[in-house]
2 protein chains.
Amino acid sequence: MTNRLEDLLSTLQAAATLEDLQAVLEGLRDHYKVEHTVYHWVNSVGERYGAGTYSAEWVDRYLEKDYLRLDPVIFGCFQRFTPVSWTELDWSSKPAREMWQDALDHGLGNQGYTIPIRGPNGQFALFTLNASLGDKEWAQFIGDNSRDLMILGHEFNKKALEFEQGGDEGSVPSLSPRELASMSCLAKGMSRAQAAAELNISEHTLRVYIESARHKLGAMNTTHAVARALSSGLIII
Amino acid sequence: MTNRLEDLLSTLQAAATLEDLQAVLEGLRDHYKVEHTVYHWVNSVGERYGAGTYSAEWVDRYLEKDYLRLDPVIFGCFQRFTPVSWTELDWSSKPAREMWQDALDHGLGNQGYTIPIRGPNGQFALFTLNASLGDKEWAQFIGDNSRDLMILGHEFNKKALEFEQGGDEGSVPSLSPRELASMSCLAKGMSRAQAAAELNISEHTLRVYIESARHKLGAMNTTHAVARALSSGLIII
DNA sequence: ATGAAACTCCCCATATATAGCGAGGTTGCG
DNA sequence: CGCAACCTCGCTATATATGGGGAGTTTCAT
């Protein structure tokens, strides 16, 4: 039992390209004997990366019809921390049911299990298994494999992040303590005058920090600088 | 091996109060024979919840000295997706080293392993094991238990979220699409004029969105509103 | 010990954001 | 149908932030 997981993980570790990740997903599908395995991903700029075994037709249709905006799976996972079996979701709205029928017509199975995965900078990914099974068999399958799937999903996300992070991860600038404190005060809603009072410095001095922080962060204005500092994890509100 | 994990998880499942969670952490400490086990948690408004086996003195000192702002563990985990062993982190700065010494003086072990966990609405939690071991033994320990620890950390976070969700989960306001788009543009560094152009609306209309978003978010100014929207996970840069 | 980076202070002119007023069309739910 | 919430637009005046100068002390790492 555990050996299977280790095998799958070592295959994953060995992946060196995005194509390898695609192959890993296909291997997972065959291993678990399900219809589809999918991983997809939204980064901080709204770019998307997806890999999986859905047909190109379904992926195109999904994007074309903007199902992303009404898919109960996306919506449900965005609001919760725990993995979700699709039948638990709210399919009552008409567009959602139409989408569901459309999905069945495009070769998707009637059962799904999706794990939400969150990373730094608002990264959000979904790791999904889709199958054709009865409710009972599916529940059994999930019960047996949920732990492994969670590990797999997270390891997969780690790999995917490694590929995507190449360019911009090293560019997190380092702010001085006073600069960080200034950003922090502003993020908490203080005006310059209040922040200066809080830090026991003149408003002019505070401004120097804000400006230098802005330059380091490559920000256009104060709001932008605070936003970048926040989403880089430099400060916490 | 796996039975142990199941035992720990069933104890966790049975937890019905925050005190039970505290007891679970103490059980984990004893089970893994480490110095400390800690879970702590930051929500979008900056409220904190913590449980664990650190001494009250150390917790007080940590908060009093504002170590949260310079702790390489916090900083490192906020920027990464994967768990981290403390020795991998950057302890070169003087304040960080002083904190480290201070921690040792307060009964912490020389090794640590912290798992960052992210949930909905910008929730961010840390699950930590702390021990006194040589580098080699610690690496071995982590290698043997990292999978289980990840499961445990996530299950613990799930439990903690269940308890905390009663009060403030409904307090994340819902912004209208235009309000979200406005916040998003500002977070990307656009001026009001640029954002208005981007959204094809007058600058005045944009201002209405910003103001209503500000009110909904309970923010003092635009920067504050964007900061809250970001750390609540309402928008991403 | 020497230099780089951080910390601190000041002035002036302009750009930008905020606060207050008001008003009409559209969408969606009960 | 009506109400609520959303989306859209305009004006005026004040408060606040930004951009451009310059200059001295302290702190820390090599």
Side-chain angles (χ1 to χ4, degrees), chain A residues 69-70 90 92-96 173-229 234-235, chain B residues 69-70 72 90-101 173-229 234:
Chain A
R69 305 249 166 239
L70 58 91
D90 174 26
S92 61
S93 86
K94 198 180 168 190
S174 74
L175 301 191
S176 77
R178 286 309 235 184
E179 287 163 352
L180 287 174
S182 303
M183 290 290 105
S184 215
C185 287
L186 297 177
K188 285 175 188 155
M190 298 181 203
S191 70
R192 279 184 177 183
Q194 290 172 314
E198 171 77 18
L199 300 175
N200 286 311
I201 54 178
S202 75
E203 198 172 327
H204 297 267
T205 303
L206 176 76
R207 217 186 65 190
V208 175
Y209 297 141
I210 298 172
E211 301 250 316
S212 65
R214 221 178 47 217
H215 287 138
K216 285 184 181 176
L217 291 160
M220 305 297 292
N221 52 46
T222 302
T223 299
H224 194 199
V226 170
R228 288 203 161 176
L234 290 167
I235 58 170
Chain B
R69 304 250 166 238
L70 58 90
D90 175 25
W91 295 92
S92 62
S93 87
K94 199 181 169 189
R97 274 182 281 112
E98 285 170 356
M99 190 201 91
W100 176 245
Q101 188 55 52
S174 73
L175 302 190
S176 77
R178 286 308 233 184
E179 287 163 351
L180 287 175
S182 303
M183 291 290 105
S184 214
C185 287
L186 296 177
K188 285 173 188 154
M190 298 182 201
S191 70
R192 295 216 284 207
Q194 290 173 314
E198 172 76 18
L199 300 175
N200 287 311
I201 54 178
S202 76
E203 197 173 329
H204 181 96
T205 302
L206 176 76
R207 213 187 67 192
V208 174
Y209 297 142
I210 297 173
E211 301 251 314
S212 66
R214 227 185 34 223
H215 287 138
K216 285 183 182 177
L217 292 161
M220 304 298 293
N221 51 47
T222 303
T223 299
H224 194 199
V226 171
R228 286 203 161 177
L234 289 168

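Throughout, a chain's letter reflects where its sequence line sits, starting with A, and its residues are numbered from 1.
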Shortest non-hydrogen separation from B/A227 to A/V226 and the atoms involved: CB-CG1, 4.2 Å
Could you list the residues that satisfy salt bridge (charged side-chain N to carboxylate O under 4.0 Å, His left out) with B/E198, not counting sequence neighbours? none
To the nearest Å, give me how far apart CG (B/N221) and C1' (C/dA17) are. 10 Å
If you compare all heavy atoms of B/Y209 against all heavy atoms of B/E179, which two are closest, and at what distance to 0.1 Å? O-CG, 3.8 Å
Hey, does B/S191 reach any base, or is it just sugar-phosphate, or nothing, if we go heavy atoms under 4.0 Å? sugar-phosphate
Heavy-atom contacts, protein to nucleotides 5-15 of chain C, under 4.0 Å, summarised as B (base), S (sugar-phosphate only) or - (none) per nt, yield -SSBBBBB---
With a 4.5 Å limit on heavy-atom distance, are the side chains of A/M183 and A/L175 in contact? yes
If you take all heavy atoms of B/T222 and B/R214, which pair is closest and at what distance? N-CD, 3.7 Å
Might you list the N or O atoms of the protein lying below 3.5 Å from N or O atoms in nucleotides 23-30 of chain D, with each pair's distance?
none

Minimum heavy-atom separation for A/L234 and A/P173, please, with both atom names. CD2-O, 3.7 Å
Would you say the side-chain atoms of A/R228 pair up with the backbone N or O of A/G218, donor to acceptor, closer than 3.5 Å? yes
Considering non-hydrogen atoms only, spot the tightest contact between B/W91 and B/R97 and give its length. O-CG, 2.9 Å
Whole-Å distance separating the CG atom of B/L180 from the P atom of D/dC6: 11 Å
Under 4.0 angstrom, heavy atoms only, what part of the nucleic acid is B/S212 near: base, sugar-phosphate, or nothing? nothing
Within this structure, what is the CD1-to-C1' distance between B/I210 and C/dA19, rounded to whole angstrom? 14 Å
Could you state the atom-to-atom distance from CD of B/Q194 to C1' of C/dT16 in whole Å? 12 Å
Within this structure, what is the CE-to-P distance between B/M220 and D/dA17, rounded to whole angstrom? 12 Å
